[in-house]
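Shown next, in structure tokens, is the structure this report addresses.
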Protein chains: 2
Amino acid sequence: MGTKGLSKELIVAEAIACIESTGQPGVSLHELARRLGVKTPSLYNHIKNTKELQYEVFRHAIEKFVVNQKAATLDKRKDDAVKAFAEAYHTFAVENKGLYRLIMSIPSEDDDRAKELAIPLLETVVEILSDYGLLEETIAHWQRVFRAILHGFISEEELGYFYYYRSIDLRKSREIAVQCFLDGLHAEIEKDTEMRLGESGQ
Amino acid sequence: MGTKGLSKELIVAEAIACIESTGQPGVSLHELARRLGVKTPSLYNHIKNTKELQYEVFRHAIEKFVVNQKAATLDKRKDDAVKAFAEAYHTFAVENKGLYRLIMSIPSEDDDRAKELAIPLLETVVEILSDYGLLEETIAHWQRVFRAILHGFISEEELGYFYYYRSIDLRKSREIAVQCFLDGLHAEIEKDTEMRLGESGQ
DNA sequence: TTGACAAACTAATAGTATTAGTTTTAGAAT
DNA sequence: ATTCTAAAACTAATACTATTAGTTTGTCAA
């Protein structure tokens, strides 16, 4: 047996540490091996390739993200939950830049496995929206809208596209966006209710 | 003089063609040289490095994007302009995947030059929102909200995060988002107007 | 104590970007 | 017409990436 006690878990842990400290969504195997005190090809005794490593780190990132979101919204309902979720989402993305960037870089085509892992990410939002008593389809739409707003904000922010009008408070922009979403959702609920009443009244 | 008549313009044009055909946000110099019938290092007689090449392609992408947006909204005002812009934005991103991905990958830190180029991207939105007669600051906020929604949508769509609930119409989700934005904007206008009346009445 | 297997290694390939230094050659000047 | 120059191509090399093949080493179990 080799003497350095390397393992998949150790490699993944080191990769996560690297990503967290650099804010980049990945690490090179060379750098990883250097940190672990082995030569690069030795890593291949424990991992299949960079894709598998990325998958493992991705799994960790998703889990951390979801746990964070659930904790932030556990004791909250409706608007309070939505607001808390938005806040937690933003904070996580800023504080875990590398992991968030990784989450937001799963390639669309390949990696059906990665897509599986991402499901809980949606479920958290769906659970919150379920409290409003909307139709399944309506929830699906508004969940998309909500997530698009949250990711769009982070994305434009990190990319520097909110760099313009620097003096204007970013947090306020975000709060406006979330309130805009909530107002739209409330209007939808009214429409939805009216429609149901109309249907039952026919 | 070398005989192949290579030039910066030719290289950039080929890079753009590559990016458009592959949908990737970049090309390798090797691939580029191969297509142009020269050896890789020859490219360095015309470009400084990949960063400069990327900058040039980025410039083209921004310009194409902006021209497209302006054309789509030229004869429209207020809500019509907003809706047309949203539609044009989405269509461009889907039809010019590679260029859009490039636009949405300028790194935040470096590349202040690239940031300069991106200004017209904001101006188009600001111009449209200016028609509503809002305060400068309010426009800045809502321009951020609008752009976040548009990019968020494209981004989640391309990433496959809207892959779930496949059966539910994506276009409708997008229309809901845009309408949600418009409703929020209209509410803001009312608030804004009330505030001004209140101020002048004091 | 020996033999097998896991885990490390070395050496090599192939793909990125990039630099240094050399050759070619078109076109201007003599 | 010949020669000179400078741009534009080249070759060769370095330094990164990931990855594979094949070899050695060391521990544990028979």
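By convention in this document, chain letters (A, B, ...) are assigned in the order of the sequence lines, proteins followed by strands, and residues within each chain are numbered from 1. Below, all heavy atoms of this structure are taken into account, side chains as well, without hydrogens, waters or symmetry copies. A quick note: this is a predicted structure, and the numbers were derived from the prediction, not measured.
- With distances taken from any side-chain atom of A/S42 to the nucleotides D/dT19, C/dA8, D/dA8, the minimum falls on C/dA8.
- Comparing C/dT18, D/dT20, C/dA8 by their nearest atom to the side chain of A/Y44 picks out D/dT20.
- The CZ-C1' distance, from B/R34 to C/dG15, rounds to 14 Å in whole Å.
- Atoms CG (A/L36) and C1' (C/dC9) sit 16 Å apart, rounded to a whole Å.
- Residue A/K39 places none of its side-chain N or O atoms closer than 4.0 Å to OP1 or OP2 of C/dA8.
- Aromatic ring orientation, B/F65 versus B/Y100: perpendicular (interplanar angle above 60°, classes split at 30° and 60°).
- At least one test fails for B/R144 against the ring of A/F153: distance under 6.0 Å to the centre or angle within 45° of the axis.
- The nucleotide whose nearest atom lies closest to any side-chain atom of B/H30 is, among C/dT16, C/dA8, D/dT20, C/dT16.
- Residue B/T50 is classed as a sugar-phosphate contact, given heavy-atom separations below 4.0 Å to backbone atoms only.
- Rounded to an integer number of Å, the gap from A/L43 CG to D/dT20 P is 13 Å.
- Remark: the A/D79 side chain and the A/Y132 side chain contain an N/O donor-acceptor pair separated by less than 3.5 Å.
- Projected onto DNA chain D by closest heavy-atom contact, A/E31 and A/N45 fall at different nucleotides, the more 5' of which corresponds to A/E31.
- With rounding to whole Å, B/I47 atom CD1 is found 10 Å from C/dT19 atom P.
- To the nearest angstrom, C1' of C/dT16 lies 9 Å from CG of B/L29.
- Within the nucleic acid shown, B/S28 comes within 4.0 Å of sugar-phosphate atoms alone, with no base atom in reach, counting heavy atoms only.
- Rounded to an integer number of Å, the gap from A/L32 CG to D/dC16 C1' is 16 Å.
- If you check the side chains of A/H90 and A/E157, you find a donor sitting under 3.5 Å from an acceptor.
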